[in-house]
Structure formats: C-alpha cells, structure tokens
Amino acid sequence: MENAVTLNNVKKSFKDFQLDNISFSVKKGFITGFIGPNGSGKTTTIKLMMNLISQDSGSLTMFGRDHAEHAKHLKQRIGFVYAENHFYEHLTVRQMKRVIASFYREWDEELFVKYMDYFALPWKKKIKHLSTGMKMKFSLACALSHHPDLIIMDEPTSGLDPVFRRELLTILTEVIQDENKTIFFSTHITSDLEQIADYITFIHNGKIILNDTKEALNDQYHIVRGANERMDEDARHMFIYARETSVGFEGLTNQPEKIRRKMGQHTVLEPASLEDIMVYTTRSERYA
Amino acid sequence: MYILYIYNIFKDDKGKGKEVIVNILISNSSKEPVYEQVKNQIKQSILKGELKKDDPLPSMRRLAKELHISVITTKRAYEELEREGFITSFVGKGSFVAAQNIGPIQEKRRSVIERRLSDIAEESKNLGISLEELKKMLDMLYEEDEK
C-alpha cells in the first residue's frame with residue numbers, strides 16, 4: 001500500500017522533551033488517527049510534517065519526496081486544520097479568506113462558497129468574534145477549498161460540541177470517497193476515531209507505541225476481568241497492565257488467546273476501546 | 001454506548017441499476033465485531049434471496065461512509081464474503097453477488113435444526129414434557145419473534 005507520509009528514525013530534541021527516533025507511515029487513501037495523552041509529542045510530530053520545525057536526524061518523505069527539499073510544492077497539497085486560532089483576529093472572514101486563497105494555486109472559490117453556506121458562516125464577521133466552532137469550520141473550509149491530497153488536523157475536535165464533531169466525521173468520510181485523499185488527525189477524544197479511523201498511531205513520551213489498523217487492534221487488545229484466584233505470576237506476564245483489587249482484577253492484554261486458554265471460563269474478555277488501550281498502556285509505563 | 005445505523009438501499013455508485021433493499025444494522029454494543037455484523041447481514045440477505053446473483057454491492061468506501069465505519073472494516077467484510085464465495089469483486093468495477101449454490105447450504109442448516117430438535121425432544125421426554133406442551137412453547141417463541 002502506498003504511503004502519503006513516511007517518517008524514518010526521526011529525532012527532535014528539546015530541552016525537556018524529545019521525539020525518540022520515531023518511525024511510522026500514513027497510508028494513502030485512509031483515515032489515520034493520531035492518539036496520545038497531552039504532552040506526548042503529537043503537535044511536535046505534526047509541526048515536523050508541516051515543516052514548521054526541522055528534525056535533528058532521520059528522514060521525512062511526503063508522497064515519495066523529501067519534505068524539506070520540496071516544501072513549497074508539498075504545502076500546496078496539504079490542507080491544514082489547527083486547533084488554535086492561526087488567523088488574523090482583526091480581519092473579517094472575507095478578508096482572511098482573500099489572504100489564504102492567494103497562497104494556493106488550486107484555490108476553488110466555488111467550493112469555498114459552498115462550504116461557507118454549508119457551515120452557515122458569516123462573511124462579514126471579524127475572526128475575533130467567531131465562536132470556537134465557527135473558527136474551526138472556517139479553518140476546515142479553507143483547508144478543503146484548495147483540493148489538498150493530504151489533510152492534516154491537529155486536535156480538530158477539541159472544543160467542539162458532539163453535534164458538530166459528528167458532522168466533521170461525516171465530512172471526513174465524504175472526503176476519502178476519493179481514494180487518493182489521505183487524512184491524518186490527532187486527537188485525545190478517542191471515541192471520534194473508534195468509528196471511522198482506518199489506522200491508529202499511538203504516541204507516548206515521544207515514542208511510537210502502536211501503528212496498526214484499528215481492526216487489528218480490536219482483534220488483539222482485550223480487557224480481562226476475573227477473580228483474583230485466577231491471577232498468578234505466569235498470568236501477569238500476559239498483561240500490559242493489570243489492576244488487582246479486593247474484589248478481582250482488571251487488565252489489558254494483547255494475548256487474548258493465551259489468556260482464554262489459561263484462565264478459561266471464569267474470566268470475562270471484552271474488546272478494548274482505544275481509550276482503554278491508551279489509558280492502560282500509559283499507566284503501565286508510569287509504574288514500570 | 002448503543003448506536004444503530006440503518007443502511008437500506010443497495011445500488012451501484014452511479015445510481016443506475018436496480019435498487020435492492022437491504023438493511024444493515026450496526027450495534028456498537030454488540031460483542032460481535034463490526035466487520036462480522038456487516039458480513040453476516042449481507043450473507044443473510046443472500047441466503048434469504050433478497051440479494052440475487054449479479055446484484056451490485058455498494059463500493060467499500062461508500063458503505064463505510066453510510067454506516068459511519070472505517071473503510072478497512074468494510075474491506076475486511078467484503079474480503080471474507082469473497083473468500084466464502086458469496087460475492088465476487090472486479091478491480092475498477094466493484095463487488096457483485098456471486099452465483100449461489102444455496103441448496104446444499106440450506107440443507108446443511110436444516111440438518112443442524114433437526115439435530116437440535118432431536119436433542120430437545122429427548123430432553124423433553126426425560127422431563128416428562130408432552131409433545132403438546134412442547135408445541136405450545138414453540139408457538140409462543142415464534143410469536144414473540146414476530147413482535
């Protein structure tokens with residue numbers, strides 16, 4: 001399968017944080033969800049992809065080209081949606097649109113007008129007077145209106161109500177009806193990804209913990225609950241993290257078959273949600 | 001969480017061809033994985049004859065969009081249906097219901113039911129439940145299902 005973005009041993013150090021030789025790819029034609037707790041390196045990774053900062057070592061290719069060398073060309077192909085406001089506050093929506101449109105060769109005014117209507121955005125309002133949801137919608141309208149091949153979004157759903165979040169997901173599924181389009185978005189609201197994401201990349205403490213299809217994660221990762229008698233040293237090794245209390249244990253495993261064979265009937269196995277995977281994996285690291 | 005999606009019109013992507021009504025209901029609280037829910041419901045429609053040979057299935061991407069599930073999930077469902085011989089896929093054309101040899105499948109399912117019924121008959125005799133009583137129970141179960 002073709003990759004839209006490939007990171008190979010990318011390293012970036014800051015005073016108190018580093019991306020530690022991360023490698024992963026974003027598959028072309030699919031939606032990849034980028035998850036991880038706050039401060040795990042999501043935004044840094046996205047900034048690298050956007051060529052806003054450059055890596056200390058390692059390579060980053062986009063559509064098969066080195067992304068720093070072809071930065072100008074590649075930026076035309078990326079639609080970027082950022083959680084925080086990156087517009088000029090004192091401009092009106094119409095003025096801001098003019099500024100943005102001038103950067104893109106492929107700007108499609110007709111499409112932009114369509115999105116403005118669809119999102120019910122006011123042309124004459126100043127950016128600073130828009131609500132969080134409206135700013136997000138405006139940002140999305142701009143990102144989609146120059147026919148990008150890759151849409152990168154940093155926490156697009158944070159600060160949005162469930163109604164619009166659902167709407168956003170529908171728009172994203174609409175976008176990838178064209179199998180040449182790719183979507184990469186970071187979020188800590190994992191339920192948004194539970195439904196529509198094809199691939200999940202999980203970053204924690206500057207390291208990539210998981211990078212797989214959501215289907216594979218659903219098959220593999222399970223929450224196990226059972227009586228304490230069932231738990232012993234042998235079994236503990238099959239868990240990524242287990243919490244034992246006076247009334248039983250609960251843990252996350254990626255070896256459901258082994259557990260089923262060993263613990264048998266008296267335990268309950270359920271597919272783990274992305275949130276379970278994220279929470280339990282980060283806990284196991286904290287106490288390891 | 002319990003979310004239900006109903007998708008009920010199968011037609012090819014260009015909107016032509018005949019429309020076939022098929023319901024696919026996805027439950028997010030079910031223990032059955034989503035791909036299996038999709039697979040089994042399409043399979044049922046084929047076995048029941050609602051979907052017939054050469055009927056077009058929606059593209060994987062379109063079905064994923066309509067059901068609000070991931071493309072990989074519909075892909076997996078289609079791949080398994082293909083492996084089991086229920087559909088055939090052509091690159092660039094899409095997926096279609098394959099010719100079914102439903103006879104043997106239905107016969108097999110019938111024999112499963114017969115076997116289970118014989119178990120029930122034996123168990124009933126052991127408990128002293130009469131044939132009449134058993135028939136009444138079955139009547140009630142059938143009616144319940146229809147509600």
Side-chain angles (χ1 to χ4, degrees), chain A residues 1 26-33 162 165-185 189-201 211-225 256 260 268-276, chain B residues 1-15 24-42 56-84 89-95:
Chain A
M1 223 176 288
V26 180
K27 299 275 179 282
K28 186 178 154 190
F30 293 99
I31 299 177
T32 298
R165 269 179 26 221
R166 187 66 66 82
E167 220 175 291
L168 173 68
L169 300 184
T170 307
I171 293 165
L172 298 185
T173 56
E174 182 73 56
V175 168
I176 60 147
Q177 293 303 301
D178 178 348
E179 52 198 89
N180 291 313
K181 307 276 183 194
T182 305
I183 294 168
F184 182 75
F185 82 99
I189 307 173
T190 51
S191 59
D192 290 340
L193 299 169
E194 212 77 65
Q195 297 174 19
I196 62 158
D198 297 301
Y199 289 86
I200 299 291
T201 303
N211 183 31
D212 212 337
T213 64
K214 198 190 63 207
E215 282 288 309
L217 296 183
N218 283 350
D219 284 352
Q220 212 184 348
Y221 285 83
H222 281 73
I223 290 286
V224 189
R225 293 188 188 88
R260 216 168 261 143
V268 183
L269 272 94
E270 286 171 349
S273 66
L274 291 175
E275 189 173 305
D276 292 329
Chain B
M1 186 163 59
Y2 189 89
I3 300 180
L4 203 68
Y5 289 106
I6 304 176
Y7 180 63
N8 63 6
I9 298 172
F10 269 35
K11 60 181 174 188
D12 67 17
D13 283 11
K14 281 147 208 109
I24 296 182
L25 303 109
I26 305 284
S27 156
N28 284 358
S29 64
S30 165
K31 279 205 166 167
E32 197 181 20
V34 175
Y35 82 90
E36 245 175 61
Q37 295 183 38
V38 175
K39 181 184 108 179
N40 287 338
Q41 290 179 52
I42 292 178
L57 269 66
S59 77
M60 291 177 218
R61 280 172 195 271
R62 169 133 180 248
L63 187 64
K65 182 188 153 221
E66 304 280 344
L67 293 173
H68 244 248
I69 58 178
S70 99
V71 178
I72 302 247
T73 307
T74 48
K75 192 166 165 244
R76 186 169 179 187
Y78 277 23
E79 278 169 0
E80 295 214 353
L81 283 168
E82 187 162 11
R83 200 174 316 130
E84 292 174 26
S89 300
F90 303 96
V91 176
K93 273 183 143 181
S95 304

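Residue numbers start from 1 in every chain, and the chains themselves are labelled A, B, ... in the order their sequence lines are given, proteins ahead of strands. Remember, predicted model here, so these are calculated numbers, not experimental data.
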Cut-off 4.5 Å, heavy atoms of chain B, and the answer for Ile31(A) is neither
Given that the side chain runs from C-beta out, which part of Ile171(A) has a heavy atom under 4.5 Å from chain B: side chain, backbone, both or neither?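 Nothing of Ile171(A), per the 4.5 Å heavy-atom cut-off to chain B.
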Look up atom [atom1] in [X] and atom [atom2] in [Y], then write down how far apart they are to the nearest 0.5 Å.
X: Asp198(A); Y: Ile69(B); atom1: CG; atom2: CD1; answer: 10.0 Å
X: Ile176(A); Y: Arg61(B); atom1: CD1; atom2: CZ; answer: 5.0 Å
X: Asp219(A); Y: Arg76(B); atom1: CG; atom2: CZ; answer: 4.0 Å

One option among Thr170(A), Thr213(A), Leu172(A), Leu193(A) has the most heavy-atom pairs under 4.5 Å with chain B, and it is Thr170(A)
Notebook entry, point to check: Do the non-hydrogen side-chain atoms of Ile72(B) and Lys214(A) ever get within less than 4.5 Å of each other?
Noted result: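 No, every pair of side-chain atoms sits at 4.5 Å or beyond.
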What are the two closest non-hydrogen atoms of Ala197(A) and Ser70(B), and how far apart are they?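 In this case the closest contact between Ala197(A) and Ser70(B) is O-CB, 3.0 Å.
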With a sphere of 6.0 Å drawn around [atom1] of [X], does it hold more than 12 non-hydrogen atoms of other residues, nucleotides or ligands?
X: Gln41(B); atom1: CD; answer: yes
X: Lys181(A); atom1: NZ; answer: yes
X: Glu32(B); atom1: CD; answer: yes

Taken in chain and number order and not counting sequence neighbours, the residues that satisfy salt bridge (charged side-chain N to carboxylate O under 4.0 Å, His left out) with Glu174(A) are Lys65(B)
